[in-house]
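If you're wondering where the values come from, they're calculated on a predicted model, not measured in any experiment. Quick note on labels: first sequence line is chain A, next is B, and so on, each numbered from 1.
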Protein chains: 2
Amino acid sequence: MKFEAVTIKDIAKALGLSTSTVSRALRDSYEISPETKKLVLEYAEKINYHPNPIALSLKERRSRSIGVIVCEIANSYFSQIINGIESIAYNNGYNVIISQSRESADREMLNLQYLTSRSVDGLIISVSTETKDFSYLKELHDRGMPIVFFDRIVDEIETHKVIVDNYKGAYDATTHLINSGYKKIATVSNAPALSIAKERLAGYKAALTDHGMEVDESLIKYCAHGGMILTEVEEAIKELLKPKNKPDAIFASADKLTTGCLRILRSKGYTVPGDFGLVGFSNTDLTELLDPPLSVIRQPAFEMGEVATNLLLQMIESKRPVTDFETKVLTTELLIRESTRKKEAKAKPIPSLLK
Amino acid sequence: MKFEAVTIKDIAKALGLSTSTVSRALRDSYEISPETKKLVLEYAEKINYHPNPIALSLKERRSRSIGVIVCEIANSYFSQIINGIESIAYNNGYNVIISQSRESADREMLNLQYLTSRSVDGLIISVSTETKDFSYLKELHDRGMPIVFFDRIVDEIETHKVIVDNYKGAYDATTHLINSGYKKIATVSNAPALSIAKERLAGYKAALTDHGMEVDESLIKYCAHGGMILTEVEEAIKELLKPKNKPDAIFASADKLTTGCLRILRSKGYTVPGDFGLVGFSNTDLTELLDPPLSVIRQPAFEMGEVATNLLLQMIESKRPVTDFETKVLTTELLIRESTRKKEAKAKPIPSLLK
DNA sequence: TTGTATGCGTTATCAG
DNA sequence: CTGATAACGCATACAA
């Protein structure tokens, strides 16, 4: 009682034709008579024929599917990107296979092996925070697998990359905190090896110095797992809140870090934003549910997925190797959400709280 | 410069053996000498051989992959379920292909066709709120495709189903609102055709009558798109807040409805929960970020994915047709999060607000 | 215009 | 123990 599909053979037998004639008729070949074509097409329609994509893959040595690896689909930033990827992929007849690394280098490797063994035609990937060894990816790339990196890119591999303007985003976020009256701004960052972390840190530092504030290394904390583990954020905050050098605001450089900071600060009794400033790279839709809502750096996620996919399909479908790789930089946007409260914050000097 | 994989042929040629010998050696057949086996295995390892799953699929007429259709992967409830599905699937050597219907019957149909044409061995699906015509699914099922429904099930199709105890969840949520002192409890529900909507509505009504409150049909609002479109929630709330019969609390019967109600109520100046009660079926992790946080009905999502997948794999791998279908009911849990505020709410009578 | 034969990578069947 | 061959579904070069 297995699910049996209709094949080209069934049509050929039923119509007294050869399989090749049927195949050609279905592909609308010029060498088939209109009558035969009509006959075949109508019968195919009637019995609901669909070509077996597995056989096609085997024949054409391509699967018309692309692999996507992200750390976490539950993250709305990534799911928006996936939506962008899917929209372009589907329009071009490609399937999308999604897999999650959950910020683990091991799982990333497994997924990678799985996808390549499934013969995906190309790969769109945002590497996990934990990954330090890119040799497998490099080998894949050297062997001709089209790859596009996005968000968390790998500098060592020469291929297309799509990122947002991390420097500008961090700069804007920090400036917003400064303009809101906060005086001592810390940052909670991703693993320092990540390119995005570096750039965001640079933007943060630049904003401080441009506004005549000094960069204090003790106010810079790293979370190796990007906030996936809440305790690492807790640890970072705990250190920041030590009496000797307390900040009154934080720039959080990633989604999970922003929500992590928020949770911990609120659990400690702070009103955020208000007593304590917080702006971050967070696309979690729900930050707007907060009362007062949180300002965030919005990343053009959907568009990012689209751009990455267009580049990948271009690589896949070009006959000769692509050489002119480029790094597309999309622009972030500061979404100011706590406008009414911000004015208050500006009006009254921020009290030195953190008792 | 395409990505070329190593095949059994390459090994055969390199070792001066036939492809069948190599194939048998790799599968550890008893009829191959230990020396040959060792030779083949070592060489395969060395050149990093992996069987081509596409060729295997063609041969075995199965793809070792299962299709999953949900309305939205960004919804953390569904992404948790997907994690549960993946964990079981991967452990059994199955791949998972995820697709989103985005609450559109059209997209659901397209995904369904796509997945079946990709020869998935089985399907795990939560139908979209919009779907009213289940004939395609029914046909698929009749033709032998193993299907497991979860969350939003289709009563007409005889197969395994996995749901949570919607009745109990709704009953608990409503009771919680009653115990918190709210006097007039409305509900914002999914499309009434959905089985989950019916059951949750029944739980809501039962809780009211069990506590000596009367069911007022004008306090029951439906959102056809399950809150995907914010305006429909807005419309529902607007009607509820009409002067003549205002409620002071809402039981929201789905994730997007809960967050939708929250957003709209807060934008209208209500403190929620507090002035206005709100409990819903919401697994959005971030509801705990709210201040005060929101009590929610937690659904055992991960476990649900596991159970569904186990049932599906059992169907796929059983040689004869499965007949003893069952509907597994998992238990929900009321997560009380606004405990401190709840006491206040209990202590002081809820003022008749809604001015 | 249509049919026949071949190959994509693998395994099963049959023959040595 | 090992090798040759057919088959899975399809497209296509080559024949007719």
The salt bridge (Lys or Arg N to Asp or Glu O under 4.0 Å) partners of R24(B) (sequence neighbours excluded) come to E31(B)
Sorted by chain and number, sequence neighbours left out, salt bridge (Lys or Arg N to Asp or Glu O under 4.0 Å) with E303(A) holds for none
Q. Hey, does T36(A) reach any base, or is it just sugar-phosphate, or nothing, if we go heavy atoms under 4.0 Å?
A. sugar-phosphate
Residues 307-316 of chain A side chain polar contacts: donor-acceptor under 3.5 Å, at least two apart:
unit_1	atom_1	unit_2	atom_2	d
T309(A)	OG1	G305(A)	O	2.6
N310(A)	ND2	E306(A)	O	3.4

Among residues two or more places apart or on two chains, list those pairs meeting salt bridge (charged side-chain N to carboxylate O under 4.0 Å, His left out) that have a residue in [range].
range                       : answer
residues 122-132 of chain A : none
residues 69-81 of chain A   : E72(A)-R102(A)
residues 36-48 of chain A   : D28(A)-K37(A), K38(A)-E42(A)
residues 78-91 of chain A   : none

Could you give the angle between the helix axes at the two ends of the helix from dT1(C)-dA16(D) to dG16(C)-dC1(D), with five pairs per end, rounded to 10 degrees?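 Angle reported: 60°, given to the nearest ten degrees.
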request  = Measure the shortest side-chain to side-chain distance between R107(A) and M109(A) over non-hydrogen atoms and say whether it is less than 4.5 angstrom.
outcome  = no
The side-chain contact (heavy atoms from CB on, under 4.5 Å) partners of K138(B) (sequence neighbours excluded) come to D142(B), E156(B), I157(B)
Rounded to the nearest Å, what distance is computed from the CG atom of residue L17(A) to the C1' atom of nucleotide dT4(C)?
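Taking atom C1' of dT4(C) as the reference, CG of L17(A) is at 14 Å.
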Protein-proximity profile, nucleotides 9-16 of chain C, B/S/- by nucleotide at the 4.0 Å heavy-atom cutoff, equals BBBBBB--
Residue pairs meeting ring pair (Phe, Tyr, Trp, His ring centres under 6.0 Å), one or both in residues 69-104 of chain A, sequence neighbours left out, come to none
Counted 5' to 3', the first and last nucleotides of DNA chain D within 4.0 Å (strictly under) of a heavy-atom of chain B are dC1(D) to dG9(D)
